[in-house]
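Atoms within a ligand are numbered from 1 in the order they appear, just like the ligands themselves.
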Amino acid sequence: MSDTPSMIPAPRHFLETRIVEDLNAGKLPDGPVTRFPPEPNGFLHIGHAKSICLNFGLAQRYGGRCHLRFDDTNPEKEEQQYLDAIQEDIRWLGFNWDGPIRYTSAYFETLFEYAQHLIRNGDAYVCDLTPEQAREYRGTLKEAGRNSPFRERSVEENLQLFTDMRAGAYANGEKVLRAKIDMASPNMNMRDPILYRIRHATHHQTGDAWCNYPTYDFAHGQSDALEHITHSLCSLEFEDHRPLYDWLIAHLPVPAQPRQTEFARLELNYTITSKRKLKKLVDDAHVDSWDDPRMPTIAGMRRRGFPAAGIRKFIESAGVSRANSLTDVGMLEAAIRDDLNRTAPRAMAVLQPLRVVLENVSEEHRELLTAPAHPDDSTLGERTLPFGREILIEADDFREEANKKFKRLVLGKRVRLRNAYVIEATGVEKGPDGEISSVRATLVPDTLGADPADGVKPKGVIHWVAARDAVAATVRVYDRLFNQPQPGADSDDFIQDLNPDSLQTLKAWVEPSLAQAQAEDRFQFERLGYFVADRVLHSADAPVFNRTIALRDTWESKPA
Ligand code: ATP
Ligand code: MG
């Protein structure tokens, strides 16, 4: 291998192409500097995961740095719990920000000076139009706007008014600071956009120091410049804001010239990726919390048992483009299954138990069988499966009569117990209601890892647990939160499209090795799906497992 220092990884999409060009042109002596700029007004969702993987991933791949910057310019909507959750989510996804956590609010003083700079140059003015009037003056996409009657205020008057705004002389909405650009611009964002608005609110970082706050448009590019961000990556809806981003950078004495580039947001079918709507699900108790395992939040997916590596893999395979599109959530689920299939130890659990009594096994008999934790990965070791006279199987794995397609236990027929013996059903007990309460069966001897000596082979294999040794557990079977591909598309109300069967809570029995499971340990419960010990509720005394996902995609085959 040659050790030339300029081994630049090949670009995989247009954002990387741009970085490679800049690297080759010698424009990035310290590598690319990116930032992930969440507003702390909710938990991060799968869409943010794309932005995180892009910003942190690009910096990593091309030897640069990525900052975490809280874009905290809306004090009323922001909360400390969101700041905490966002940091935890980024770390869990496998990334680390460079240097300290940054806050847009830390630049408020500088931003204020920048605004004064614009005023002094005649590039900004204080406007007294009410929001309704301002809307009317703004014009429409087809019609030019009109100049505000306050547009020609003198520099001195503007400086004084802006100082008074800061000092708290005005009520919310009474005055704003606007850039003086062009009310006839075809781009609405250039029609004298608002730079500062009055909000009498306590801020989580700056307390009561401010009552006028910069808008996203004014704060974002300047914060990028102050942090010497080289590539400011954002989603496509900011494309029309780019001329304003560039205008502000050009009109201010900023220390660097960042460039904004847009990419398409990640949107998934059967999924909501809007913090506002996710907040409604929490506030109106349609789910338990932001980290409810049904939520498409990073915290929810984590609690559901999605491995971070599977999420990263999915984001990578979904690619980066400049065209908005809807990605099939099945692709995410396939990436999760793929990861779990390789990494999750196997175990057995019975969710709807039916007792089977093996009449040729004595009450005292207790045998310890062993089974590999993973069929393809011996490094995961073995587990011990106690076996005895009474076992539990899934109720729907037994039928008194069945056709040939039913490859489980049928009265008078045989089945293999996974990792154990072949048994044959000989009778049933029924309760007063006619329901089968238990099955009588015999163990076919010498069938551990061998076919029955009489040549009558079982057709199928079912899972089981030993009744005496099984551990009681709560199992929460989750399904998709919405049953429409585009929630809200038909009814205009996404709440209407909630899947009423997204959660089923069961009292289940699990094999005793699972008593050692730690919170967040993941398993494949054989034949049932992938499960995770709940991060919050699981304990050795009261195990709680969440179903991460079924073994196969059952949605694909459902009628539309
Ligand atoms: P939401 O619409 O859910 O409220 P947002 O864009 O308001 O999201 P921010 O906290 O501002 O949320 O987002 C931080 C970063 O994540 C931004 O750079 C934004 O472009 C990006 N982002 C948000 N949603 C997505 C998405 N669905 N796909 C890709 N990037 C996204
Ligand atoms: Mg935003």
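- In this structure, Trp210 and Phe112 have tilted ring planes: the angle between them lies in the 30° to 60° band.
- Between His45 and His48, the ring planes lie tilted relative to each other; the angle falls in the 30° to 60° range.
- The option with the heavy atom closest to atom 29 (C) of ligand 1, from among Ala264, Gly42, Gly47, Pro38, is Gly47.
- The shortest N or O to N or O distance between Arg265 and ligand 1 is below 3.5 Å.
- Considering only heavy atoms from C-beta on, Glu78 comes within 4.5 Å of Asn74 through its side chain.
- A salt bridge links Arg322 to Glu239: one of the charged nitrogens lies within less than 4.0 Å of a carboxylate oxygen.
- Among the atoms of His45, some N or O lies under 3.5 angstrom from an N or O of ligand 1.
- His203 and Phe108 have perpendicular rings, their planes meeting at more than 60° on a 0 to 90° scale where under 30° would count as parallel.
- A cation-pi arrangement is found for Arg146 relative to Tyr137, the charged atom lying closer than 6.0 Å to the ring centre and inside a 45° cone about the ring normal.
- Of all the listed residues (Glu39, Arg35, His48), His48 holds the heavy atom that lies closest to atom 5 (P) of ligand 1.
- Here Lys180 does not pair with Asp123 in a salt bridge; the nearest charged N to carboxylate O distance is not below 4.0 Å.
- Considering backbone and side-chain N/O of Leu266, one or more are found under 3.5 Å from N/O of ligand 1.
- Using a 4.0 Å cut-off to heavy atoms of Ser235, the atoms of ligand 1 that qualify are 19 (C), 20 (O).
- No N or O atom of Glu267 sits closer than 3.5 Å to an N or O atom of ligand 1.
- Every atom of ligand 1 with a heavy atom of Phe36 under 4.0 Å away is listed here by number and element: 15 (C), 16 (O).
- Ligand 1 has no nitrogen or oxygen under 3.5 angstrom from a nitrogen or oxygen of Arg276.
- Below 4.0 Å from some heavy atom of Ser274 lie the following atoms of ligand 1, by number and element: 3 (O).
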